[in-house]
Structures are given as C-alpha cells and as structure tokens.
Asker: 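Below is one structure. I have some questions about it.
Throughout, residue positions are numbered sequentially from 1 according to the sequence presented. Remember, it's a predicted structure, so these values are computed and weren't measured experimentally. All ligand and atom numbering here is 1-based and tracks the order in the structure.
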Amino acid sequence: MPPPQACCALLAAAPRLAGRRRLLSSLLAPLATRLRSCKGGEEEAAGSGGVLRHLLLKLRATGPVTVAEYMREALTNPGQGYYTRRGGVGEDFITSPEISQIFGELIGIWYISEWMAMGKQNAFQLVELGPGTGTLTDDILRVFNQLASVLSKCDVSIHLVEVSPKLSAIQAEMLTGGKVQSNPENKSAYMKGISKTGIPIYWYRDIQDVPQGYSFYLAHEFLDALPIHKFQRTEKGWHEVLVDIDPEVPDQLRFVLSPSRTPATENFIQPEETRDHVEVCPEAGVLIQRLACRIEKDGGAALIADYGHDGTKTDTFRGFRNHKLHDVLKAPGTADLTADVDFSYLRKMAEGRTATLGPIRQREFLKNMGIELRLQVQQCLQVLLQNSRDSATHEQLLHSFDMLMNPKKMGDCFHFFALLPHHRVVRPTKNDNPQSKSPLPPVAGFGELSLK
Ligand code: SAH
C-alpha cells in the first residue's frame, strides 16, 4: 500500500539529489559489512607507534588490559587514537549517509514525523552522537529547511557529541562554513556555531554535557565504535579475554584469558547465557540508560542505526583497513576497530523507562520511509530519477540505492532501533475510552510513514 498523499508530497518536497560528492569507486566493489580504506605510509607508522608504545608501557607496568581498554586507547586515545588523529572520515570509510543524501533526508523526515505524532512541541533539540563528517546532520537540516513551513513555530537546535577534534573541525566546516566560536561562555559545549540555514549548533564531548530537555537523539554507526568486553566460557567457568604482550615476539600483542573471574565477568554475564563466547559493551548500555531516562523525563525519541544482532552472535570484534579485515591487535590507532551492536542488550537497558522498536533491517526501514518514492526502481513513482539529466548520475543513483537496500550489501546487516515514550506506542489505559480515541499513528520506518 503506498503511503498517503500528504507524505508523498513531503518526500517529493525534499531537495533533488545532486549525487553524493564523495561517492567512491569502491562503492561499486563487493561490500564487507563496512567499507573502509586507510591512509598509508608514514602516517600509519606514526599512529601505530604512538598507541602501541603507550600500550606496551602500560602492559609492562600493570599487566594485561581488558579488550575494552585496548579498544578505547586504539580509537579515542586523546593524542593518537584512530578517531582522534584522523581527519577526512569520508576518505577512510563509507557509511550510508556518505553513499546517498536520500538516507539523511529520510531520517530528517522520521524526526519531523515523530515530532508531529507527539504533539508538535514548540521546541526540540536534535542530538547526534558521533557525527563523522557532519554529512548526516547536513542532510537532515536541508530537509528541515525544505519543510520550514511545517516547523515554522518550532525552535530547533542541534547538539553534536564528538570526541575527535579533527572531525569536529570538519563538521564545523560542513555545517557552518567554519564560522564557529570555541568555548562559548555560558555553555557546557566546547564549540558553537550557526548552521547555513540559521539553526544554532553546539558541540560536546559527552552526552551528559548536552542540556536536558525535549530532544530527538540519533546514533548512526556510533555504538559499534564503543569499547567491548569479551568473555570466554571454559571448563572452569567464565573468563575475560585480555590483551597482553606476546612473550615470544617483541612489541607484539596477543589475547590471553584472565586467570580468574574479573569484575566484568561477575557483572556482565547473565546466568541464563548459552553462548560460549560473549561480547558486552557496557558504555552502550550506560548510554542507552541515559537516553531512556532523558526520554522518560523530557519526552522525545532516539533512533539508533548500526550493524548488529539480537543477542545471538559471538565473536564479532574486527578491524578494517584498506577495505579489508585487519588483525585487531596489529598497529593499533591505524585501523578502525568495531564490534556488532547487541540490540537485545540495548533493549534490556531501556526496559521500564521507554518502549523500544526494532531492530528492523535497514532495507525494511527505508522502504517504510518511502525510499522507493525517491527513486525509479520498481515503481513508476518518479521523484528523483526523472530529474536526473545525465546517465552517469542515473547510474550513480541506482548504485547508491542498491548499496543501501541490497540484502547482500547494507540492506540486511544494518538495523534500526528506536526508544520512544511508552505513550507513543501504547495508549494509556487509565480513564480511557477506546471508542472515543483514534488509533495511535504508526511509528514511521517501523511501520508505514503517515504524516498528518
Ligand atoms: N555517524 C557517522 C560517523 C560514524 S564513525 C556516519 O555514520 O557517517 C563514529 C563517529 O563517532 C566518529 O565521528 C567518531 O569520532 C565518533 N566517536 C567515536 N567514539 C566516540 C566517543 N566515545 N564519544 C564521542 N564520539 C565518538
């Protein structure tokens, strides 16, 4: 069933696709779950040397560290971490918003749809965690601008949580043209600017610095970058996997098992666990609890998109470099380290405070959001393709659509998951007369998009 007319009009109102600037030829190559490339040569050696040297000193002084600690150092060490040190994320790896601007536009529509369904409050904060190059926020802001008449009475502000100084500078350039103020006096933010469309933008290092209030949260390919603990079941019970120096090879790292239970084994392994190898990301758990508390108290919603599973997978910790799998213990700081998100764990962390929806596959979510309305793929509903003048753009649109939607590419391995106030999905029963109430509108993406 096609979405209603109002929604078609809104989708059509979104700006035309000009072709993503940084669409790489690598997009056309077969895809691992994440497309990554890496700068080579001296820079790699410098990054690797820095983090590795630091870790070797630490390991010699205090013994093995948890995988979580290792991952934190490799990715976000303040001087040498992969995210901290590297600029130009668009060159190093590709994510859905970098592939097609339609992705971000549909997410922008999701937020407007939820804002409308929840009563069109007169102000909201859009909070993005780990914004990368800022492309996703840029696409969302363009939709907000296109639909300015819908949002005309709403005071919107953008709040970005980013630890990387390099990436925050790239985001500032992308979103404000570089016109930003560092350390604004009266704010917990470390940077502030105004978007090209006139919306205030603030930068923070931690979600806890973001002001409380009615907010919509977004985390796209963010949780997979947070540090995980790894556990192995043995004949003597659960042991934590640790990282240590390999005594056989100088300056090389290896995995070892903790000789006895660690605090993490006590806290994170569920008694009913049936797998033999388990990964837990407590930082993701704490983050979800924080978001759930905020949504319960102030309203709003959170949309989380990432690759992951529902508590079924075991060993998913991996590194990516040059579009290839990379040994996670080699040259820390020069490769992306990542692990699948366990959505069942996130659901547990939100329990009692908010309702959760998903995980739903990316291709289903985007289809529900009306992606096919924007591309002439199966239907004759042309929104974009009829406007594309040349065949190269036409080809590129089809390729980016295929990348996002093809089950063998990003369509099946990426999932969407949402936190919403209970009243958004279940009507309160107290003094409730079902006959006098209209049904709750479905949550877009998880059901058909319907905007009233
Ligand atoms: N959301 C973007 C980028 C994903 S890469 C996209 O989909 O294209 C992960 C992002 O999270 C980067 O911006 C990285 O710098 C940021 N990041 C990683 N760990 C972080 C942490 N602990 N706190 C805040 N930001 C972090």
Side-chain angles (χ1 to χ4, degrees), residues 20-24 27 33-38 68-69 71-78 80-101 103-104 106-107 126-140 158-175 189-191 202-210 217-228 281-288 290-291 302-308 319-320 333 335-339 341 362 400 403-404 410 413-416:
R20 180 57 82 203
R21 285 113 10 229
R22 287 180 301 281
L23 189 69
L24 302 183
L27 278 182
T33 43
R34 201 170 198 186
L35 287 174
R36 299 254 143 154
S37 73
C38 198
E69 195 169 346
M71 207 173 159
R72 193 175 297 112
E73 290 289 355
L75 293 181
T76 56
N77 175 292
Q80 303 287 338
Y82 175 80
Y83 285 118
T84 326
R85 194 174 51 85
R86 275 178 129 65
V89 170
E91 295 161 29
D92 285 343
F93 61 90
I94 294 285
T95 57
S96 295
E98 304 286 342
I99 288 168
S100 167
Q101 68 189 59
F103 185 85
L106 294 178
I107 291 192
L126 176 67
V127 183
E128 188 183 357
L129 299 145
T133 58
T135 301
L136 182 50
T137 308
D138 198 44
D139 292 338
I140 292 172
I158 305 293
H159 303 260
L160 304 177
V161 179
E162 176 58 73
V163 278
S164 165
K166 285 222 168 165
L167 287 175
S168 56
I170 291 170
Q171 294 150 19
E173 188 59 40
M174 162 83 79
L175 298 169
Y190 65 82
M191 196 161 73
Y202 302 91
W203 278 263
Y204 312 83
R205 288 191 187 85
D206 195 286
I207 183 71
Q208 282 179 287
D209 299 332
V210 178
Y217 300 91
L218 172 60
H220 182 263
E221 286 217 40
F222 174 72
L223 296 181
D224 69 87
L226 297 182
I228 53 154
C281 182
E283 272 190 38
V286 169
L287 175 70
I288 293 300
R290 290 205 169 112
L291 297 187
L303 188 62
I304 289 151
D306 226 310
Y307 40 77
F320 282 98
D336 178 38
L337 300 184
T338 172
V341 172
Q362 172 158 304
S400 46
M403 284 292 296
L404 296 180
M410 293 167 124
C413 57
F414 283 82
H415 294 82
F416 280 76

Asker: Determine yes or no for a side-chain-to-main-chain donor-acceptor pair under 3.5 angstrom, with Ser164 supplying the side chain and Tyr83 the backbone.
Answerer: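 Judged by distance alone, yes, a pair lies under 3.5 Å.
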Asker: Within the side chain of Gln171, is there an N or O that forms a donor-acceptor pair under 3.5 Å with the backbone of Gly132?
Answerer: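 It does hold such a pair.
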Asker: Any side-chain to backbone donor/acceptor pair from Glu221 onto Ala305? Under 3.5 Å, distance only.
Answerer: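 Absent.
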Asker: Can you check whether Thr76 has an N/O within less than 3.5 Å of an N/O in ligand 1?
Answerer: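 Between Thr76 and ligand 1, no N or O pair is found under 3.5 Å apart.
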Asker: Are any side-chain N or O atoms of His415 and backbone N or O atoms of Cys413, one a donor and one an acceptor, separated by less than 3.5 Å?
Answerer: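 Judged by distance alone, yes, a pair lies under 3.5 Å.
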Asker: Which option, Met71, Glu128, Glu162, Glu98, owns the non-hydrogen atom nearest atom 12 (C) of ligand 1?
Answerer: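 Shortest heavy-atom distance from atom 12 (C) of ligand 1: Glu162.
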Asker: Between the candidates Arg205, Glu221, His220, which shows the shortest non-hydrogen contact distance to atom 7 (O) of ligand 1?
Answerer: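 Considering heavy atoms of Arg205, Glu221, His220, the nearest to atom 7 (O) of ligand 1 sits in His220.
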Asker: Can you name the atoms of ligand 1, numbered from 1 with element, that are less than 4.0 Å from a heavy atom of Thr95?
Answerer: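 Those of ligand 1 that fall under 4.0 Å from Thr95 are 6 (C), 7 (O), 8 (O).
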Asker: Using heavy-atom distances only, which candidate in Ser164, Ser168, Gly130, Pro227 approaches atom 2 (C) of ligand 1 most closely?
Answerer: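 Nearest heavy atom to atom 2 (C) of ligand 1 lies in Gly130.
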Asker: Below a 4.0 angstrom heavy-atom separation, can you tell me which part of Val163, side chain or backbone, both or neither, approaches ligand 1?
Answerer: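 The answer is both.
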Asker: Between the candidates Tyr82, Phe222, Phe103, Tyr83, which shows the shortest non-hydrogen contact distance to atom 14 (C) of ligand 1?
Answerer: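 The residue whose heavy atom sits nearest atom 14 (C) of ligand 1 is Tyr83.
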Asker: Is there a donor-acceptor contact under 3.5 Å linking the side chains of Asp336 and Tyr82?
Answerer: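 Tyr82 and Asp336 do not have a side-chain donor-acceptor pair below 3.5 Å.
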Asker: Determine, using ring centers only, whether Tyr204 and His159 are less than 6.0 Å apart.
Answerer: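 They qualify: ring centres under 6.0 Å apart.
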Asker: Under 3.5 Å between some N or O of ligand 1 and some N or O of Gly132?
Answerer: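 Checking ligand 1 against Gly132, an N or O pair does fall under 3.5 Å apart.
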Asker: Under a heavy-atom criterion of less than 4.0 Å, does Leu75 contact ligand 1?
Answerer: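 Per 4.0 Å heavy-atom rule, Leu75 does not contact ligand 1.
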Asker: Okay, side chain of Arg72, backbone of Asn77: is any donor-acceptor separation there less than 3.5 Å?
Answerer: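 Not confirmed, Arg72 side chain does not pair with Asn77 backbone.
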